[in-house]
Amino acid sequence: MSVTKKEIEKRMLIKKTVNAMNKQIAQLEEQKKTYIEAGKQAKQNGLTAQYNLALSGLRMTIAQQKRVYEMKLNFEIMSQMKDMSQMTTEFLKGMGSLSKDMMKLTNEKDFLKVQKQFTEAITGVEMQTEQMEAFMDETEAAFSTASAGTESENQELDALMNNEAASDNLTEQMIDKELEELKKRMM
């Protein structure tokens, strides 16, 4: 099987798309860190509205990141199914060629056997297509049911930010104490 220019371009597009999704995942990871830091700072400074805004942004970023992961998985599965379909197509071409050769060499009974195998192969491709359609329907339903977050998720995110804020407060207090001690020694 020779690889055409068009097929090379398709493969490059697939690779480019996966790379773009990976880049988006990395950007969302950085965005999560930004929102956590903003929420931590707002909590330390008693800024409730800003804290809630950071929490909302964090929740939204996590939901986006989950969506991108799901899209990437769907894309990779579709790419693999395309490869499988392509291989099946090559198989069918080969079977067709073999069938023609067999017809020349044998009688009609042998052709019926090849035709049966061909029908089984087509049925397999149709089953794969139906399974993929069901999978895509389920994925679409999952995307549409993304929610604003459950109470337990909100509590987990709140605890994460509180832990970060408490950790920073302890570090700042230790630095302040050490500075005071150094000032006393210098006097």
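If you read the sequence from its start, that first residue is 1, and numbering goes on from there.
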| remark: So salt bridge (Lys or Arg N to Asp or Glu O under 4.0 Å) across residues 23-35, not counting sequence neighbours, yields Glu29-Lys32, Glu30-Lys33
| request: With sequence neighbours excluded, give me every salt bridge (Lys or Arg N to Asp or Glu O under 4.0 Å) pair touching residues 118-135. | output: none
| message | Distance check, rounded to the nearest 0.5 Å: Asp83 atom CG versus Thr88 atom OG1? | response | 10.5 Å
| said: Evaluate Met12 against Ile8 for side chain to side chain contact (heavy atoms under 4.5 Å, CB included), listing each step before the verdict. | reply: CA-CA 6 Å; Met12 288 175 56; Ile8 291 171; 4.0 Å; yes
| note | Taken in chain and number order and not counting sequence neighbours, the residues that satisfy side-chain hydrogen bond (donor to acceptor under 3.5 Å, both in side chains) with Gln64 are none
| CG on Leu58 to CD on Gln31, rounded to 0.5 Å | 9.5 Å
| What pairs with Asn22 under side-chain hydrogen bond (donor to acceptor under 3.5 Å, both in side chains), at least two apart in sequence or on another chain? | Lys72
| query | Side chain of Thr17, backbone of Leu13: donor and acceptor closer than 3.5 Å? | reply | yes
| said: Can a donor-acceptor pair be found, under 3.5 Å and without considering hydrogens, that links the side chain of Ser56 to the backbone of Asn52? | reply: no
| query | What are the two closest heavy atoms between Thr61 and Leu28, and how far apart are they? | reply | CG2-O, 3.3 Å
| field | Spacing of Met95 atom CE and Ile122 atom CD1 [to the nearest 0.5 Å] | value | 11.0 Å
| Say you draw a straight line from CG of Leu73 to CE of Met21; how long is it, rounded to the nearest 0.5 Å? | 10.0 Å
| Side-chain H-bond candidate by donor/acceptor type, Glu37 with Gln41, under 3.5 Å | yes
| Can you name the residues that form a side chain to side chain contact (heavy atoms under 4.5 Å, CB included) with Ala42, not counting sequence neighbours? | Leu47, Gln50, Tyr51
| task | Give a yes or no answer on whether the side chain of Ser97 reaches the backbone of Lys93 with a donor-acceptor pair at less than 3.5 Å. | result | no
| Residues forming a salt bridge (Lys or Arg N to Asp or Glu O under 4.0 Å) with Lys82, sequence neighbours excluded | Glu7
| remark: dist Phe118:CZ -> Leu98:CG (nearest 0.5 Å) comes out at 13.0 Å
| task | Examine Met87 and Met78 and state if one hydrophobic cluster contains both, with Ile, Leu, Val, Met, Phe, Trp and Tyr joined whenever side-chain heavy atoms are less than 4.5 Å apart. | result | no
| task | Any chance you could measure Leu55, atom CG, to Tyr35, atom OH, to the nearest 0.5 Å? | result | 11.5 Å
| task | Following the transitive rule for hydrophobic clusters with a side-chain heavy-atom cut-off under 4.5 Å over Ile, Leu, Val, Met, Phe, Trp and Tyr, establish whether Met84 and Phe91 coincide in one cluster. | result | no
| message | Tell me whether Ile25 shares a hydrophobic cluster with Ile14, the cluster being built from Ile, Leu, Val, Met, Phe, Trp, Tyr side chains joined at under 4.5 Å. | response | yes
